[in-house]
Structure formats: structure tokens, C-alpha cells
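Excluded from the calculations below are hydrogen atoms, water molecules and symmetry mates; all remaining heavy atoms, backbone and side chain alike, are included. If you're wondering where the values come from, they're calculated on a predicted model, not measured in any experiment.
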Amino acid sequence: HAQPAADPKQGIAAFQKLVSVDRVPIVSSAWSTVIMATAPVADREKVLLINHGANAPSIRGAGKLLISFFPLADLDIKHLARYAATKLGKKRGAVMYVNNDTGRLNAKVFQENFEAAGGKIVAVESHEADAIEFGAQAAKMRAAQPDIIHIPSLVQEAPRIVKQFREMGIKAQFTSYSVAESKEMLSVAGEAADGLLYTSLAPPADQPGPKALIDRYKATYQKDPVATAYLMYVWDLHNTILPEAIQYAKKQGWGYSGEAIRRAILTQKTYDTKASGKTVFEDDGTVNKVVYLKRVNVKEKKFEYAATLE
């Protein structure tokens with residue numbers, strides 16, 4: 001186990017330690033920049049790299065030994081953008097993204113699909129990671145008068161953006177992706193976040209699979225989980241997909257290597273992943289999952305199911 005944060009250099013260093021010192025044949029990680037940086041190293045070292053929490057579409061095909069268990073943005077954000085234009089009837093879209101691979105590609109997918117569905121993008125602004133002041137971007141957004149603003153940012157920054165945009169008098173509908181489901185969104189953004197819509201790649205928490213995992217987490221750690229969707233994917237990967245794939249590879253006489261386990265995952269294809277919902281792997285190593293739309297309910301301090309996007 002190593003903690004690379006979202007820094008590609010730290011990611012490569014942590015990856016090299018796991019491979020060279022700990023001699024593991026499989027590494028799972030998150031953050032698009034880290035996945036992109038470590039994919040070529042995984043190929044060179046013949047280690048299976050599994051993405052359990054990054055969504056940049058550029059991850060697809062980034063490595064021969066890379067598998068994305070976490071759905072890429074061109075799945076959920078495509079559905080979100082089209083839903084915004086067709087079902088919500090939004091006409092004037094805007095995007096405020098974090099200036100990294102995840103943010104840029106998420107923003108691109110939203111822009112393309114919102115306009116393809118009949119909407120118009122009237123403003124696009126960005127910010128650096130760790131930024132805390134967003135007044136300049138808020139002023140430009142307000143002047144453009146969008147009726148919906150998509151915010152593919154980070155867990156710490158997104159709530160501040162939401163709060164500062166509302167303080168500048170922006171009334172537009174806010175949207176985001178799974179980073180919006182955080183304690184920070186409730187505590188930092190507060191009332192400003194009420195009604196924010198975001199994509200979730202895990203079923204509603206009151207369904208049997210997710211509920212069992214959340215209850216188990218609370219009993220173990222005496223607190224609610226943070227970033228629940230990511231937790232569900234990590235749990236399903238290590239408790240269902242990998243054990244089944246390792247067993248399958250062994251039964252086939254393929255051995256215990258990164259290449260063998262990748263082959264086993266894609267050969268078996270379909271997995272009954274209880275927490276995140278049924279998983280179907282595509283031939284290119286990505287997954288197809290149902291996308292859920294959720295809403296921030298500040299009054300009741302909860303993240304509630306809004307719609308299913310397919």
C-alpha cells in the first residue's frame with residue numbers, strides 16, 4: 001500500500017516501490033494524472049495496473065496492462081450533458097474546470113455533448129488545483145448568464161467554487177461528478193450547494209449492496225464513509241473481481257502474473273459486484289455501468305437519488 005496523492009511523480013515513485021520492493025503483480029490506483037504516468041511503467045514491468053477511481057477518457061488505451069474498473073468520463077458526463085439539454089431544458093451552458101487531465105477532459109466531454117444535444121456553451125473558465133479564490137471566474141460567468149454550470153473540479157475546490165459563485169449572485173443550476181458527494185460540499189458550500197446535480201457511478205446508498213458496505217464501514221470505523229462511490233469500487237475490486245479473476249487464472253493454468261490476471265478479468269467479462277452494481281468489462285479494458293444522477297440536499301444533509309441515466 002502506498003499513497004501517491006494526485007501527483008504523477010509521487011505516483012511513479014510509489015508504483016516503483018510496490019513493484020521493485022514489494023514485488024506485487026497487481027497495482028490499483030486512482031487519479032487520472034497518476035494512471036497516465038504509471039501505465040507505461042506497468043507495461044515495462046509487466047504489472048497489471050487497475051484504475052479504481054480516475055475518469056479521464058484518455059486513460060483508454062494508455063497501457064497494454066491497464067484495466068479501468070472505474071467508468072471513464074465519456075460515459076457518465078456524456079449522459080449528464082445530454083440530460084441537461086434535453087430533460088432539464090437548459091440552453092446556455094458553462095464550464096468551470098480544474099486545470100488537470102481529469103478536469104480538461106471532463107469539461108471537453110460536457111461541452112461537446114451539451115452542444116450536440118442542442119445547447120450552447122457560453123463560458124468556459126478554469127482554475128489550478130489548490131486554488132481558493134474564484135472571484136475573477138465568477139464575474140465572467142455572471143456576465144455570460146448561463147442557466148447551467150458544470151463544475152468538474154476536486155473535492156476541496158468544488159465546494160468553494162459553488163459557494164463563491166452563489167455569493168456573486170449566480171443563479172444557474174450547478175452540476176458535477178462524483179467528487180460532489182463529500183462532507184466538504186455540505187460543510188463548506190452549505191446552502192449554496194442545495195440542488196446541485198451530479199453523476200454517481202454507484203447505486204443509491206439504500207439499496208442492499210451499498211447499504212451492507214456502508215453499515216460495515218460505520219461499524220468498523222465509527223463514522224460515515226467519505227467519497228462513498230470510490231469506496232464501493234475499491235471494495236468490489238478487492239473482494240469480488242480480483243479474487244474471482246485470480247482463481248480463474250489459476251484454474252486455467254495461466255499462473256499468477258499481471259498478464260494472466262488481466263486476461264482472466266476480460267475473459268470472464270461480467271461480475272456480480274454487489275456494492276457498485278453489475279460490472280461488464282469491454283474488450284478494451286474499460287467498463288460499462290449504469291449511471292445514476294444524484295442531488296445534494298443540504299437541509300437534510302444527504303445526497304439523494306434523482307434519476308437513472310442510460
### Query
So, Gln164 side chain and Ile132 main chain: donor-acceptor pair closer than 3.5 Å or not?
yes

### Query
Are the charged groups of Lys218 and Asp224 less than 4.0 angstrom apart, N to O?
yes

#### Entry: Donor on one side chain, acceptor on other, Tyr248 and Thr267, under 3.5 Å
no

#### Entry: Donor-acceptor pair between Lys278 and Thr273 side chains, under 3.5 angstrom
no

### Query
Asn51 pairs by side chain to side chain donor-acceptor pair (under 3.5 Å) with which of Ser32, Ser28, Ser68?
Ser68

### Query
Does the side chain of Asp236 come under 3.5 Å of the side chain of Ser276 through a donor N or O and an acceptor N or O?
yes

### Query
Salt bridge or not for Asp194 and Arg295, using N-O below 4.0 Å?
no

### Message
Under 4.5 Å between side-chain heavy atoms, counting indirect links through other Ile/Leu/Val/Met/Phe/Trp/Tyr residues: same cluster for Phe114 and Val95 or not?
### Response
yes

### For the student: nearest non-hydrogen atoms of Val296 and Met185, plus distance
CG2-CG, 4.4 Å

### Task
Could you check Tyr97, Tyr198, Phe174 and say which one makes a side chain to side chain contact (heavy atoms under 4.5 Å, CB included) with Ile151?
Phe174

### Within-4.5 Å side-chain heavy-atom neighbours: Ile59 and Phe70
no

### Message
Using only atom types and a distance under 3.5 Å, with no angle test, would you say the side chain of Asn99 pairs donor to acceptor with the backbone of Ser126?
### Response
no

### Query
Should Lys294 and Glu304 count as an ion pair when the cut-off is N to O under 4.0 Å?
no

### Query
When you measure from the side chain of Asn106 to the backbone N and O of Thr102, does any donor-acceptor pair fall under 3.5 Å?
no

### Query
Any idea which heavy atoms bring Pro57 and Ala73 closest together, and the distance?
CD-CB, 4.0 Å

### Task
State yes or no: do Leu18 and Val47 share one hydrophobic cluster built from I, L, V, M, F, W and Y residues joined by side-chain heavy-atom distances below 4.5 Å, directly or via other members?
yes

#### Entry: side-chain contact (heavy atoms from CB on, under 4.5 Å) partners for Lys46, two or more places apart
Leu65, Glu259

### Message
Would the distance check show the side chain of Gln111 and the main-chain N or O of Lys120 forming a donor-acceptor pair, the cut-off being under 3.5 Å?
### Response
no

### Query
Taking 4.0 angstrom as the limit, do Lys274 and Asp272 come out as a salt bridge?
yes

### Task
May I ask you to check whether His52 and Ser29 show a side-chain donor-acceptor distance below 3.5 Å?
no

### Message
Please determine whether residues Val124 and Ile77 belong to a single hydrophobic cluster, defined as Ile, Leu, Val, Met, Phe, Trp and Tyr linked transitively by side-chain heavy-atom distances below 4.5 Å.
### Response
yes

### Task
Start with the C-alpha gap between Asp147 and Lys171, add the side-chain angles, then the distance that decides, and say whether salt bridge (Lys or Arg N to Asp or Glu O under 4.0 Å) holds.
CA-CA 8 Å; Asp147 54 16; Lys171 302 273 197 294; over 6 Å; no

### Query
Would you call the rings of His150 and Phe110 parallel, tilted or perpendicular if under 30° counts as parallel and over 60° as perpendicular?
parallel

### Query
Salt bridge check: are Asp283 and Lys269 linked by an N-O gap of less than 4.0 Å?
yes

### Message
Strictly distance-based, threshold 3.5 Å: is any side-chain N or O of Tyr217 a donor or acceptor partner for the main-chain N or O of Lys223?
### Response
no

### Query
Cluster question for you: counting only ILVMFWY and a side-chain heavy-atom cut-off of under 4.5 Å, with indirect links fine, are Leu196 and Tyr177 together?
no

#### Entry: Same apolar cluster: Leu213 and Tyr221, side chain cutoff 4.5 Å
yes

